[in-house]
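A, B, ... follow the sequence lines: proteins, then strands. Residue 1 opens every chain.
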2 protein chains.
Amino acid sequence: MPASQQHDHNHCISTAMDTARTLCEQRGLRMTPVRRRVLELVWQNHKPTGAYDLLAQLSEEGFNSAPPTVYRALDFLLELGVVHRISSLNAFVGCDHPGHEHDTGFFICKECGNATELPAKEIKKLHETLVKKFSFSIETSNHELTGLCQNCKATA
Amino acid sequence: MPASQQHDHNHCISTAMDTARTLCEQRGLRMTPVRRRVLELVWQNHKPTGAYDLLAQLSEEGFNSAPPTVYRALDFLLELGVVHRISSLNAFVGCDHPGHEHDTGFFICKECGNATELPAKEIKKLHETLVKKFSFSIETSNHELTGLCQNCKATA
DNA sequence: CGTAAAATTGCAACATTATAACCTAAGGAC
DNA sequence: GTCCTTAGGTTATAATGTTGCAATTTTACG
């Protein structure tokens with residue numbers, strides 16, 4: 001059973017959409033159709049998804065589909081904090097604990113491609129550890145790990 | 001005084017070149033002119049440098065200069081462990097403590113653009129912390145932090 | 001040596017990811 | 001409604017990275 005089916009993923013998505021809507025309301029921002037659909041797609045794919053993949057999916061649904069469309073939507077969602085960019089993959093994933101979060105961490109399975117976001121608490125701890133050790137004023141931190149997830153390790 | 005002049009940078013470069021040459025000898029690999037020159041350029045620039053910047057510099061010097069030339073050299077140097085890729089910048093930097101190292105961490109100053117590699121020991125500790133906490137079998141870890149370096153913080 | 005195998009490089013084309021510039025349309029404030 | 005701001009449409013282009021194949025150089029080895 002793929003990881004994407006180990007839980008009620010529709011519930012994930014609807015929660016994520018609710019959160020995004022709420023954040024928009026709080027900040028006086030607009031959750032437009034394209035933005036909403038991009039966010040849904042990011043969640044539905046469940047795996048890190050490239051901008052051009054999203055673009056293709058939008059296109060199939062009759063949305064306008066030039067690169068700026070999807071990049072603008074992604075920029076908005078990144079800013080809102082409901083999506084993260086995984087720079088080692090040039091891909092985007094939904095965030096399951098948004099807010100005003102600047103530190104991110106992912107575990108990326110080499111086998112199945114799933115990217116699991118590390119718990120905010122752990123990331124924060126890592127960040128703080130690093131702040132203490134170095135005389136930099138750290139603003140953001142991002143951590144990307146690769147290896148095998150528990151599932152793939154077991155079946156390997 | 002720019003950070004690049006706070007130390008004997010030529011010494012850095014020659015040390016790095018020596019190390020690379022030694023690693024090549026140990027592993028029966030060839031340090032060819034292009035590879036050597038790319039490594040020198042990466043070090044000379046002192047800041048994370050894009051592949052196409054390196055390509056332009058090679059070109060000025062009369063080297064062959066099509067993208068594969070520089071990407072192949074970079075791949076070789078990455079594999080050798082004497083260069084790292086900073087994925088959030090799509091750029092490359094020299095490694096000052098090579099060997100067979102898979103875990104990397106950088107502090108990238110938003111102001112001056114310098115990327116400082118975090119001490120291997122610290123990175124290793126971070127990595128181990130994460131290994132213990134999660135049931136993934138982690139193979140590589142990369143950590144990228146942004147903020148202000150001590151220098152830029154002081155002069156700001 | 002001389003020849004075959006392997007590694008490296010040259011080269012052309014192409015693929016992927018992302019942005020710029022400029023204009024039109026939609027939504028909200030008054 | 002009018003104005004202003006924000007969002008989206010469109011075209012083109014920039015920036016980054018890869019593939020495939022031929023030519024060359026290096027190495028291994030009889």
Residue [X], side-chain atoms from C-beta onward, closest of [options]:
X     : options                : value
A:P68 : C:dA20, D:dT18, C:dT9  : C:dA20
A:Y71 : C:dA21, C:dT19, C:dT9  : C:dT19
B:A51 : D:dG17, C:dA18, D:dG20 : D:dG17
A:V34 : C:dA18, D:dG8, D:dT18  : D:dG8

> With sugar-phosphate meaning primed atoms plus P, OP1 and OP2, does A:R35 contact a base, only sugar-phosphate, or nothing at under 4.0 Å between heavy atoms?
Replying inline: sugar-phosphate
In whole angstrom, what separates [X]'s [atom1] from [N]'s [atom2]?
X     : N      : atom1 : atom2 : value
A:D53 : C:dT17 : CG    : C1'   : 11 Å
B:D75 : C:dA7  : CG    : P     : 16 Å
A:L74 : D:dA7  : CG    : P     : 15 Å
A:M31 : C:dG27 : CE    : P     : 16 Å
A:L29 : D:dT5  : CG    : C1'   : 13 Å
A:E25 : C:dG28 : CD    : C1'   : 16 Å
B:R72 : D:dA22 : CZ    : C1'   : 12 Å
B:L80 : C:dT8  : CG    : P     : 12 Å

> Where the side chain of B:H9 meets the backbone of B:W43, is there a donor-acceptor pair that is under 3.5 Å apart?
Replying inline: yes
>> Taking 5.5 Å and 30° as the limits, would you call B:Y52 and the base of D:dT16 a stacked pair?
In response: yes
> When the ring planes of A:H97 and A:H84 are compared, do they come out parallel, tilted or perpendicular, using 30° and 60° as the limits?
Replying inline: tilted
> Nearest heavy-atom pair of A:L77 and A:R35: which atoms, and what distance?
Replying inline: CD1-O, 3.8 Å
>> Does a side-chain N or O of B:N64 approach OP1 or OP2 of C:dG10 to a distance below 4.0 Å, or not?
In response: yes
>> Measuring to OP1 and OP2 of D:dG8, would you say a side-chain N or O of A:T32 lies under 4.0 angstrom away?
In response: yes
>> On DNA chain D, compare the nucleotides closest to A:N90 and A:F63; which residue's is nearer the 5' end?
In response: A:F63
>> Taking atom CD as the centre, does A:Q150 end up with more than 12 heavy-atom neighbours from other residues, nucleotides or ligands that are less than 6.0 angstrom away?
In response: no
> Near B:K153 NZ, under 6.0 Å, is it more than 12 heavy atoms from other residues, nucleotides or ligands?
Replying inline: yes
> Hey, is the side chain of A:R30 pairing donor to acceptor with the base of C:dG28 inside 3.5 Å?
Replying inline: no
